[in-house]
Every structure is written in structure tokens, then in C-alpha cells.
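To keep things clear, I will list the structure first and then write my remarks on it.
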Amino acid sequence: MGNKKIPNHSDNSVTNLALDTINLGKQAIVFANTKRSAEKAAEEIAKSIKVGNADLERISDGILNALSRPTKQCERLAYCIKKGIAFHHAGLVSKQRELIENNFRNGLIKIICATPTLAYGVDLPAFRVIIKDLRRYSPRGLAWIPVLEYLQQSGRAGRPKFDKTGEAIAIAGSEGEKNKIYEMYILGEPEDIYSKLAVEPVLRTYLLSLIAADFTRNKSQIMDFFERTFWAYQFRDFGKLEMIISKMLDLLEEWEFIARKKNEFRDADKFENEEIRATVMGKRVAELYIDPLTAFFIISCLRNASDKKINEFSLLQMACHTLEMRPLLRVGAKENEKIQEELIKHESFLLEHEPSMYEPEYDDFLNSIKTALMFIDWTDEKDEEFLLEQYNLRPGELRVKLDNADWLLYSSEEISRILHYQSLIREIAKLRLRMKYGVREELLPLLRLEQIGRVRARKLYNNKIKDIGDVKKADFLKLVQILGEKVALNVKKQVGEEIKEIPSGKRKGQISLVDY
DNA sequence: GGACGGTGAAACTTCAGGTTGCCTC
DNA sequence: GAAGTTTCACCGTCC
């Protein structure tokens with residue numbers, strides 16, 4: 001706790017500290033507790049900076065055009081970057097994050113205002129770390145962040161190769177808060193670390209993979225293994241631990257992921273050494289690395305799907321109603337009615353049993369509906385800006401969700417394979433492709449071409465070029481008009497047509513195009 | 001008298017992030 | 001718990 005006066009440029013202490021850092025010719029990372037707060041802090045600092053330069057303009061351009069259409073978030077970030085300031089959180093697309101990280105490393109970007117992502121993921125040291133607020137929202141109101149997290153964040157201060165020292169600065173709102181921070185974080189001890197194995201989904205997953213990998217073949221071997229884990233060391237009560245594992249083994253057997261070899265003369269002693277093996281399904285589930293409970297849920301949904309009419313909503317809602325898809329989009333109070341209405345429209349396509357409105361899990365169920373509807377919009381070619389406005393879902397968060405959904409759909413595909421549900425396999429594969437590109441089914445043939453994504457495929461389609469055959473037949477000049485010369489050349493090449501000389505004569509604008 | 005618009009206070013809403021899988025249709 | 005957003009009552013103005 002030094003006693004240094006920082007010049008006042010504005011009435012905002014974070015902005016003052018940031019400007020002071022820049023004046024020293026150094027860089028800083030500001031940690032905020034929410035995405036919004038990080039964005040605002042960056043914007044505040046950017047506003048009080050006048051100058052920019054050509055390099056920053058170039059980076060700003062890259063940030064703005066990371067997506068096919070810039071979102072409000074892209075615009076806001078691009079504005080900050082022009083002044084050498086950035087915000088950084090999980091809502092950004094990886095291309096934007098990379099641009100920020102690289103240009104912070106090379107010194108062009110001076111200040112990054114970030115959520116805790118930056119403290120864990122990437123190695124980005126700065127001369128100064130400014131922690132805007134050491135409290136964070138929790139279900140029980142605002143809570144102080146763990147000491148471990150404070151250490152993680154302040155540990156980013158000081159660049160080993162460039163500075164002899166670093167400064168970590170925590171902002172206090174009052175004298176009382178200052179003392180609290182000093183005692184809790186500067187003098188305080190970091191918290192104990194607890195084993196994550198105690199969480200049921202994790203335990204289930206590891207138990208199944210132990211068996212599936214043939215690492216343990218009977219219950220005593222299993223117990224032997226778990227007794228030597230950190231979890232058991234912390235848990236201490238081996239009796240209770242054995243009960244938990246027994247129960248879980250029963251469940252895995254009931255779900256038919258494992259089988260116990262039945263001895264003819266079974267008695268209590270032998271029970272312990274009874275051979276336990278994973279079933280074919282159990283083995284695959286372990287490889288797919290999904291929670292066995294999720295796998296069981298998917299299997300029952302797919303069984304329902306095999307003898308009824310399904311659509312993309314059926315499969316997406318199934319994927320959304322799993323632990324792996326969390327956190328789901330939340331249904332707000334005002335939206336409740338709207339989502340219920342949508343649910344009624346899609347109700348007959350549900351694969352799971354719909355919980356009653358009065359059951360506690362109903363909220364979660366509705367959230368899964370909303371999340372599935374968001375995916376439906378994505379596969380209906382709505383872009384990132386639309387999803388941001390409609391669902392308050394940022395582009396980077398969309399990517400994470402799409403990735404998770406793909407993993408679950410792939411798993412469903414694999415499970416369908418084992419269950420010999422041929423038509424389901426095809427349906428799921430098609431849906432995965434549509435999710436990857438965010439397109440309606442009609443564009444799928446065109447997406448097989450390199451350099452053709454959702455935007456160009458849609459342009460082609462609207463100009464009546466609907467499949468590979470149409471691309472072959474299409475007039476080259478028309479393709480140039482739609483795709484630009486380079487892409488058109490490449491595309492023609494891909495369908496086996498080498499264009500040697502670019503026909504001249506006709507000039508742009510002579511062919512009328514549908515652009516949309 | 002009523003439609004319209006501006007204002008501010010009250011009510012309401014929202015709030016970090018990341019690991020896993022596989023190959024392509 | 002705090003900041004941002006929406007809602008709504010209230011008031012003044014204009015036609």
C-alpha cells in the first residue's frame with residue numbers, strides 16, 4: 001500500500017490510473033467483475049484520449065469486421081481500439097481476442113479492461129494491474145471474491161523481461177473498504193482447495209471411464225482407486241464414500257452402461273470381486289466424455305424419436321436440456337408468456353416428457369426451450385447482431401454454445417449408430433452441418449465448396465444458383481458479380497472448370513443481381 | 001378537454017468462465 | 001449490491 005498521488009484527469013479513478021499508466025509509457029490490465037463493467041471502463045478511458053494512429057486504425061478495422069455484419073459490441077470495441085484501449089471477455093470472438101492479445105504484447109494497445117478470463121487463460125503480463133472491484137455478484141448478493149482469485153489477477157502485474165517491478169492496485173470505495181481489502185487480501189491466506197470429484201456428474205463420468213478403460217475390473221479395485229484420490233483424503237469417511245460409489249454403480253448398471261458378471265453361486269464375499277465391465281454403449285459414452293446421466297437422457301429421447309415425427313427443434317431441445325449445455329439462456333419474467341406460446345407451437349416435437357408448470361425443474365425446462373429457439377433462429381440464418389439484440393447473447397458466447405451443442409449432437413449421432421437408428425443418424429448429421437454454418441437446409445449443397453459460407457451461399461441461392469450443378473452451369477461473369485473475381489475463380493476450379501482468361505467486354509452492373 | 005411530450009422517480013432486471021469429442025457428411 | 005433499463009405517474013403545452 002504505497003502513498004502515491006495520481007493526477008486527476010476525470011472523476012473516475014480507474015480512468016485516472018489508466019491515463020497515468022500510459023503517461024509513464026507503460027501498460028495496464030483493468031479487471032472488472034462483469035462484461036458490461038469491463039466495456040464501460042474501456043469506453044470511459046477511450047473517451048478521454050484524443051490521439052490514435054494508423055496501426056490502431058488497422059486493428060480497429062480487423063475488430064469491426066470479424067463477423068459478416070458488425071454487432072453493436074464490435075462497434076463499441078472498434079471505437080475503443082482506435083484509442084489503444086480494449087475490453088476483453090468471453091463475449092468476443094476468438095479472432096478479436098487474438099488481435100487484442102497480440103497487439104497488447106507488441107505494445108500498440110495500452111490498456112485492456114477484462115473480466116477474470118484474462119487472469120486464467122492467456123499469459124499477458126502488464127506493468128500495472130488495476131482491480132476495479134473485489135466484489136462480485138453471487139446468489140446471495142454481492143460477495144468478496146476468493147483470495148486465490150485476487151492473487152491470480154494481481155499476479156499479472158510486472159513483466160519479467162521489461163520491468164523490475166509491477167504494481168497491483170485494488171480500488172476501494174471507502175476508508176473502511178480499504179482496511180477490509182488490506183486485511184483480507186494483502187495479509188490474508190488463500191483458501192483451501194477442494195476436490196472437484198465430489199460433484200456427482202464428475203464422479204459418474206470418471207467412474208464409468210475407469211471401468212470402460214479396463215483400469216478397474218471389480219468393486220474392490222474401484223474402491224482402491226478412489227481411496228487414493230484427493231477427494232477421499234479430504235472426505236475421510238470411507239464408509240460413506242463406499243456407499244456413494246455403490247449407489248452410482250447401481251445406477252450405471254440400471255442405465256446399461258456397465259454389467260456385472262453374474263456368478264451362479266453369489267454370496268456376500270464374492271460380490272466384492274464380481275467382474276464389472278462396460279457395455280458397448282457404456283464404452284462409447286465414456287469415450288464421448290459426456291455425463292452418463294446425459295447419455296441416458298439422450299438414449300431415452302432417441303428411443304422416442306425413432307417412432308415419431310421429429311424436426312430440428314426435437315434434437316436441439318434434447319441437446320439443450322443437458323448439464324453440458326449449461327448455463328442456458330434465461331427466460332425473463334416478461335418473456336415467459338412468449339416462450340410458453342412458442343413451446344405450444346413446438347410441443348408435439350418434444351422428445352422428453354414435459355414437466356408440469358408447478359414442478360421446480362420447469363424453469364430449467366423453459367430455459368432449454370429458449371436456448372433451442374435461439375439455435376433455431378441461428379439455423380434460420382439470423383446473424384450475430386440479431387441474436388445479440390433478441391437474446392442478449394454475445395458472439396463469443398454463441399460460439400461456445402454452438403461448440404457444446406455440436407459435441408452433444410455428435411454424441412447423439414454416435415449413440416444412434418449403436419442403437420441402429422439409421423434415419424436419426426442422417427437427421428442429426430444434417431442438423432450439425434446447419435448449426436456449424438447457421439443456414440437453412442436448402443444451402444447445404446453449396447457449402448461443400450471451399451470459401452463458401454453462409455453469406456455467399458445465400459447470395460448464390462438467391463441468384464438461382466442452388467447446387468454444385470448450377471455452379472457449373474453458371475455464367476462466370478455472373479459468379480464474379482456475386483462472389484468477386486478471386487472467389488469465383490476458385491469456386492469454378494473446384495467444380496472442375498479452369499478459367500484461364502477472364503472474359504472482358506461485359507462490365508460490372510450489366511447483370512442484375514438479387515442481393516440480400 | 002384531450003392528445004402529446006418531456007421529466008424524473010420508482011420498479012425491475014441482470015450480473016465470470018471453460019474442459020471435454022471427432023473428421024466432414 | 002449496483003448499474004443500467006423500463007415503466008409510469010405527473011405536469012405543462014399546444015391545438
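Quick note on labels: first sequence line is chain A, next is B, and so on, each numbered from 1.
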Rounding to an integer number of Å, can you tell me how far [X] [atom1] sits from [N] [atom2]?
X: A:Leu148; N: B:dG17; atom1: CG; atom2: P; result: 19 Å
X: A:Asn336; N: B:dC12; atom1: CG; atom2: C1'; result: 15 Å
X: A:Arg136; N: B:dC15; atom1: CZ; atom2: P; result: 14 Å
X: A:Lys132; N: B:dA16; atom1: NZ; atom2: P; result: 12 Å
X: A:Tyr137; N: C:dG4; atom1: OH; atom2: P; result: 18 Å

Going by the angle between their ring planes, with limits at 30° and 60°, are A:Tyr150 and A:Tyr185 parallel, tilted or perpendicular? tilted

Parallel, tilted or perpendicular for A:Tyr233 and A:Phe230, by the 30°/60° rule? parallel

Do the side-chain N or O atoms of [X] get closer than 4.0 angstrom to the phosphate oxygens (OP1, OP2) of [N]?
X: A:Lys35; N: B:dG17; value: yes
X: A:Lys40; N: C:dG4; value: yes
X: A:Asn33; N: C:dA2; value: no

Nucleotide-resolved protein contact map, nucleotides 18-25 of chain B, B/S/- at heavy-atom distance under 4.0 Å: B-BBS-BB

Side-chain donor-acceptor contact under 3.5 Å, A:Glu256 with A:Thr279: no

A:His89 and A:Glu39: side-chain donor and acceptor closer than 3.5 Å? yes

Can you find a heavy atom in the side chain of A:Met281 that is under 4.5 Å from one in the side chain of A:Leu419? yes

With a cut-off of under 6.0 Å to the ring centre and 45° to the axis, is A:Arg204 in cation-pi contact with A:Trp255? no

For A:Lys334 and A:Ser138, take the nucleotide of DNA chain C holding the closest heavy atom to each; which residue's nucleotide lies nearer the 5' end? A:Ser138

Interatomic distance at P, B:dA16 relative to C:dT5, whole Å: 14 Å

Across every strand shown, the nucleotide meeting Watson-Crick or G-U wobble geometry with B:dG1 (both distances under 3.5 Å) is C:dC15

Base, sugar-phosphate, or nothing for A:Ala333, non-hydrogen atoms under 4.0 angstrom? sugar-phosphate

